[in-house]
Amino acid sequence: MRDIRTLDLNLLKAFNALIEERNVTRAAARLALTQPAMSGTLTRLRDSFGDPLFVRTQRGIVPTSRALELADPVKRVLQEVEALLRPRAFEPVAANFTLSLAATDYALRAVVVPFLAALRTRAPHIRVAVRQIDDDRLRSQFERGDLDLALLTPETTPPDLHVRRLFDEQYVCALRRDHPDAKRRTLSLERFCALDHALVSYAGDSFTGTTDTALAKLGHRRRVSLSVASFLVLPEVLRASDLIAVVPRRLVADIDGLTLLKPPLDIPGFAKIAAWHDRTHRDPGHRWIRALLFETSGVKTRREKTP
């Protein structure tokens, strides 16, 4: 029995052409080979299978019994190899796998909620496991396959990941609709600093943030009365108090009961990006997932390039 490790796949292609054409010249033309090269290939085929395989006649060649036995199995092998090399089609409606996604609670509200709404209608059998961002373990989670996609900022993204910018976020002042200052079209810097503020600190114990850095450059300070560890609870706090908060616009843009005002100073915003590992970069299902995420985040459609 011959060793499969020495069998050239091109020999199987030549065998298939010979069995179908029953003519060395036509089989050579089909494979873009010269007739001498095709004759040499036939010699190698005979050596590989230990059988003449084809016998010459006046009308061409006829297969031996061994060649007829090999005809269907060889065709199946070639078809299976072609299927392996052909990118698999992805059908969202039939897809059934789990997507692991890491996000802050802000990204959950601003990005993941609209994404999930679209996903449920287009690919209802795809499950999504959402986890908190763990900066120290992010790279290893991607490498081990524990994480497929992360919603980050450019500053917190590990190198060597594929990234796509989703949007640039800006800050607004949010306060309850019947707040004494809600009817103002604008807040003066002095009034802004005089109000009681709430802010989000993931540690839950910080009373300063980006706004305070911007105020300090102008020689001003504000009064922060509340620090909470989650963006998600902040709208409820604002609707139930006279507190004001400087928050990302997408977090509160469509929340009832709140009024949004432009801050009386320039507060640097931030970019939100999607990041993924090379492990899933070429996968048709994950490419479709990312395209849907971009679409629901308002990113202009652009086909990903696959190296």
Side-chain angles (χ1 to χ4, degrees), residues 1-99 122-127 142-145 148-149 160-162 164 276-292 294 301-307:
M1 183 175 179
R2 304 292 175 174
D3 190 342
I4 192 173
R5 291 175 296 181
T6 64
L7 182 62
D8 185 348
L9 184 62
N10 288 318
L11 292 180
L12 299 185
K13 293 174 63 178
F15 174 86
N16 189 59
L18 287 165
I19 200 76
E20 291 183 353
E21 297 293 344
R22 307 291 174 96
N23 184 283
V24 175
T25 301
R26 289 197 301 268
R30 177 169 162 177
L31 299 176
L33 296 175
T34 63
Q35 188 163 341
M38 192 65 190
S39 296
T41 299
L42 179 53
T43 298
R44 293 173 60 199
L45 273 168
R46 288 165 170 163
D47 291 340
S48 295
F49 288 100
D51 187 89
L53 296 177
F54 299 95
V55 178
R56 295 184 182 274
T57 68
Q58 290 182 347
R59 295 183 178 181
I61 56 175
V62 294
T64 65
S65 297
R66 176 63 172 150
L68 292 174
E69 291 174 358
L70 291 169
D72 287 342
V74 166
K75 185 179 291 291
R76 285 197 298 270
V77 167
L78 292 174
Q79 289 172 343
E80 290 172 358
V81 170
E82 288 179 1
L84 287 173
L85 298 176
R86 187 169 54 245
R88 61 184 175 89
F90 178 72
E91 296 293 339
V93 174
N96 190 343
F97 63 90
T98 299
L99 172 76
R122 303 188 199 182
H125 303 298
I126 294 179
R127 299 180 301 176
F142 271 120
E143 291 175 349
R144 290 197 309 266
D148 301 314
L149 193 61
D160 303 326
L161 292 178
H162 296 275
R164 179 82 179 272
W276 61 95
H277 194 266
D278 196 56
R279 178 179 53 82
T280 59
H281 183 60
R282 299 159 187 82
D283 182 87
H286 285 275
R287 288 169 65 85
W288 183 88
I289 286 282
R290 293 193 295 268
L292 182 62
F294 304 153
T301 302
R302 185 187 71 186
R303 181 172 294 181
E304 285 185 16
K305 294 181 180 179
T306 302

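Side-chain atoms are counted along with the backbone in the values below, which use heavy atoms only and exclude waters and symmetry mates.
- With Phe15 as reference, Leu70 is the one residue of Asn10, Leu42, Leu70 to meet the side-chain contact (heavy atoms from CB on, under 4.5 Å) rule.
- Only one option out of Thr280, Leu161, Asp278 pairs with Phe142 in a side-chain contact (heavy atoms from CB on, under 4.5 Å); it is Leu161.
- Cation-pi geometry between Arg164 and Phe294 is met: the NZ or CZ atom falls under 6.0 Å from the ring centre, inside 45° of the normal.
- Here the two rings, on His286 and Phe90, have centers that are 6.0 Å apart or farther.
- Electrostatic pairing of Arg46 and Asp51 does not count as a salt bridge here, judged by no charged N lying under 4.0 Å from a carboxylate O.
- In this structure, the side chains of Pro63 and Leu53 stay at 4.5 Å or more apart for every pair of heavy atoms.
- Contact check on Asp283 versus Arg279 returns no salt bridge, with no Lys/Arg side-chain nitrogen under 4.0 Å from an Asp/Glu carboxylate oxygen.
- Among all heavy-atom pairs drawn from Ser39 and Arg56, the shortest one is OG-NH2, 4.2 Å.
- Arg66 is linked by a side-chain hydrogen bond (donor to acceptor under 3.5 Å, both in side chains) to nothing, counting only residues two or more places apart in sequence or in another chain.
- The shortest non-hydrogen separation linking Glu21 to Arg30 is OE2-NH1, 3.3 Å.
- Using a 3.5 Å distance cut-off with no hydrogens or angles, the side chains of Trp276 and His281 do pair a donor with an acceptor.
- The environment of Glu91 atom CD is sparse: at most 12 non-hydrogen atoms of other residues, nucleotides or ligands sit within 6.0 angstrom.
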Using a 3.5 Å cut-off and no angle test, enumerate the donor-acceptor pairs between side-chain atoms of residues 74-82 and protein atoms at least two apart in sequence or in another chain.
{"unit_1": "Lys75", "atom_1": "NZ", "unit_2": "Asn16", "atom_2": "OD1", "d": "3.4"}
{"unit_1": "Lys75", "atom_1": "NZ", "unit_2": "Glu20", "atom_2": "OE2", "d": "2.3"}

>> Set out, in order, the CA-CA distance, both residues' side-chain angles and the distance that settles side-chain contact (heavy atoms from CB on, under 4.5 Å) for Val24 and Ile61, then state yes or no.
In response: CA-CA 7 Å; Val24 175; Ile61 56 175; 4.2 Å; yes
>> The test is side-chain contact (heavy atoms from CB on, under 4.5 Å); show your working for Arg22 and Val62 and say whether it passes.
In response: CA-CA 6 Å; Arg22 307 291 174 96; Val62 294; 5.6 Å; no
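- Heavy atoms only, all atoms of each residue included: His125 and Ala95 are closest at CB-O, 3.1 Å.
- In this structure, Ala14 and Leu31 approach most closely via the heavy-atom pair CA-CD1, 3.5 Å.
- To the nearest 0.5 Å, the span separating CZ on Phe54 from CG on Asn23 amounts to 11.5 Å.
- What you find for Ala28 and Met38 is that their closest heavy atoms are CB-CB, 3.7 Å.
- Leu12 CG to Leu45 CG: the interatomic distance, rounded to the nearest 0.5 Å, is 7.5 Å.
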